[in-house]
Amino acid sequence: MVLGLSSKKEKIDGVAESAGVSLAASAWKRLRRSPVFLTGAVIIGLFIVVSVLSPWLAPHNPSEPMLIDQVVKARNEIPPAQPGHPLGGDLQGRDFLSRLLVGSQQTLIVGVGATLIGLAGGLFLGTLAGALGGWVDSVVMRLVDVMLSLPSLLLAFSIAAMFAKPSQFTVILAVAIVQIPVFARLLRGSMLAQRHSDHVLAATALGVKKGAIVFRHMLPNSLSPVIVQSTLVLATAIIEAAALSFLGLGNPDDRIPEWGQMLGDVQNVFDTHPHLAAYPAICIIIVALGFTLMGETLREALDPKNRR
Amino acid sequence: MALLEVRDLTVVFQRKGEEPFRAVDGVSFDVEPGQTVGLVGESGCGKSVTSLAIMGLLPKRGAKISGTVKYDGTDLLKLSDKEMRDRRGRDLGMVFQDPLSSLNPVVPIGLQVTEVLERHRGLSRKEAMIEAKNLLDKVGIPDPNRRLKEYPHQLSGGMRQRALIAIALACRPKLLIADEPTTALDVTIQAQILSVMKELVQDLGTALVMITHDLGVVAGLCDEVNVLYGGKVVEKAMRHKLFAEPRHPYTHGLLASIPRLDAAPGEKLTPIKGSVADNIPWEHGCAFAPRCPNALDVCVQVTPPEEDQLGRLLRCHNPVVPGTPAAEEVPV
Ligand SMILES: Nc1ncnc2c1ncn2[C@@H]1O[C@H](COP(=O)(O)OP(=O)(O)O)[C@@H](O)[C@H]1O
Ligand code: SF4
Ligand SMILES: [Mg+2]
């Protein structure tokens with residue numbers, strides 16, 4: 001098999017197309033200039049930095065009732081802002097600012113944990129349905145339809161209520177399960193589109209095995225909508241986890257603060273001390289907004305229809 | 001015995017609530033080892049469906065395939081899915097029209113070459129990489145070591161098609177099907193790709209089924225040519241015979257509509273009037289009749305039978321008399 005072709009490499013064909021920029025690169029180019037995306041990115045960047053550094057940023061130990069004297073003396077009075085405690089204390093006399101800062105950590109863990117578990121479940125079901133098709137697809141998709149037909153918060157509430165002992169983990173699990181059908185349906189859709197794509201046909205024409213077709217040729221090319229969705233789900237997960245805590249299905253152990261739980265704990269004093277609810281609520285809203293801004297712009301940027 | 005024997009291949013697409021559609025209608029042809037056979041015809045005449053049927057790549061549901069496709073004596077249409085998967089890429093290779101969309105965008109070229117080598121020749125990743133480099137070198141891709149690590153979007157159109165040819169020939173299949181391999185490429189690149197294919201198939205002794213709408217491609221490459229119209233072979237002859245003396249009015253029209261170097265100055269090109277959309281069904285006569293300058297009354301009443309005329313197969317009631325110049329263009 002000796003061929004003299006190497007000597008015939010034509011120059012004209014040797015020039016790679018500089019115009020052939022990958023989807024990811026062109027998406028990034030547009031994102032970098034989008035103020036909406038940058039706003040979201042800054043919010044989320046700050047949120048992550050604060051939650052990672054919160055043990056050092058917090059002026060006091062968030063679980064130590066250091067202002068308990070004031071609470072006891074004034075008969076359930078909530079310690080007001082004072083030197084050393086710029087936001088005052090909470091119902092148990094713990095430093096409110098420290099709780100708020102450290103609370104970001106738990107919120108991040110709950111949001112990311114629930115999203116990752118939901119993503120894993122969705123990837124599993126979506127791949128199963130998209131790769132195997134036929135009756136497996138039908139069964140999985142009916143299940144997904146049923147789950148999606150219930151209001152997500154109601155579903156999360158029911159799942160969380162099934163656990164005898166609520167904990168942070170049960171909150172994560174309940175929120176995660178609710179996200180599974182969203183991911184599964186999205187992935188299955190883009191897997192189906194891949195199944196009819198030219199490069200999958202070409203790989204099939206080479207006798208590539210089914211497993212490799214699915215995991216090397218279909219799945220990696222189906223992921224971008226799922227990744228975008230994860231960003232949006234982070235926002236939903238944080239809000240839903242907060243809602244569960246607020247409704248009393250959250251982690252009963254309040255030594256480690258979490259925004260949703262902080263919100264739930266102060267329901268009785270909301271009319272007299274609205275700031276105790278307002279701060280965690282505003283934090284949740286801002287973070288959820290940040291993820292949503294990022295997710296939406298990401299989705300637009302990765303949409304091939306918007307390519308220039 | 002021919003390497004590939006296609007007999008009476010018929011593909012009927014049947015979708016719920018729609019009329020069944022015969023995309024391929026009793027196509028027969030042979031490919032001898034090392035021979036290049038052309039399937040030529042306008043877009044929509046069933047060329048791709050024929051190739052997909054041979055490769056067993058048509059959707060299970062919705063496509064009814066009949067006839068036989070014998071490869072080395074085995075009817076491919078009767079093989080199980082698994083047996084067919086083992087043969088694809090090893091015994092039969094295929095090159096598609098659009099080189100960019102035919103490559104996986106998220107996998108480096110190298111892995112896409114080694115994948116087949118590992119699959120069919122049982123090479124280790126390392127051995128396969130060395131072989132992949134040789135293959136890219138053979139199809140004339142400069143700096144193969146670098147290209148192996150690159151992604152499809154980093155290669156030019158011509159290089160992508162070279163890579164796909166390398167992949168298709170990686171396991172030295174005895175038969176290669178090329179479905180319009182140059183249609184998506186620049187004119188300057190087309191000739192290069194064709195010469196690469198020509199040299200490789202000659203060198204490896206690969207039989208080639210060349211599918212194209214471009215008679216220019218056929219002229220430079222094919223030994224035998226099948227002209228398809230509306231899913232049927234309307235004329236089949238050796239290449240020189242077909243070009244020297246086209247007998248079917250459709251072939252005649254196709255030849256008259258391509259630019260020739262030996263044309264007299266000022267001579268006009270004569271496109272075939274109308275389009276495939278004007279076809280009438282074969283059951284009621286000749287599908288080409290509404291566009292045919294030679295059409296007779298019988299052409300819209302009786303399906304023209306396939307006749308053997310001195311080593312040439314012809315399906316026509318009123319063939320072109322040898323030596324007839326192209327028909328004058330009729331204003332539509
Ligand atoms: N999967 C399919 N389902 C229904 N009709 C199809 C399918 N694939 C091709 N066809 C039809 O079959 C005919 C032949 O198509 P094709 O073989 O792709 O033509 P070409 O000669 O241009 O390659 C066309 O009319 C096309 O619409
Ligand atoms: S059969 Fe009649 S209509 Fe068909 S190609 Fe021949 S002459 Fe033309
Ligand atoms: Mg085609």
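Since this is a predicted model, take the numbers as computed values, not measurements. Proteins get letters first, then strands, A, B, ... in listed order; numbering begins at 1 in each.
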- Which atom of A/A235 lies closest to which atom of A/A288, heavy atoms considered: CB-O, 3.4 Å
- Query: chain A: which of B/L111, B/L185, B/N134 shares the most heavy-atom pairs with it under 4.5 Å?
  - Reply: B/L111
- What part of B/V116 gets closer than 4.5 Å to chain A, counting heavy atoms only: side chain, backbone, both or neither? side chain
- Task: Measure B/L103 against the heavy atoms of chain A and call it side chain, backbone, both or neither at under 4.5 Å.
- Result: backbone
- Message: Checking side-chain contact (heavy atoms from CB on, under 4.5 Å) between B/D86 and each of B/K82, B/R88, B/E83, which is the one that passes?
- Response: B/K82
- Per-residue contact mode, A/S197 against chain B (heavy atom under 4.5 angstrom): neither
- Item | Exercise: do A/H217 and A/Q194 side chains pair donor with acceptor under 3.5 Å | no
- Item | pair B/E131-B/R121: side-chain heavy atoms closer than 4.5 Å | yes
- Query: Which bit of B/L52 is near chain A, if near means a heavy-atom gap under 4.5 Å: side chain, backbone, both or neither?
  - Reply: side chain
- Task: Give the intermediate values and the outcome of salt bridge (charged side-chain N to carboxylate O under 4.0 Å, His left out) for residues B/R119 and B/E115.
- Result: CA-CA 6 Å; B/R119 161 80 168 96; B/E115 183 171 41; over 6 Å; no
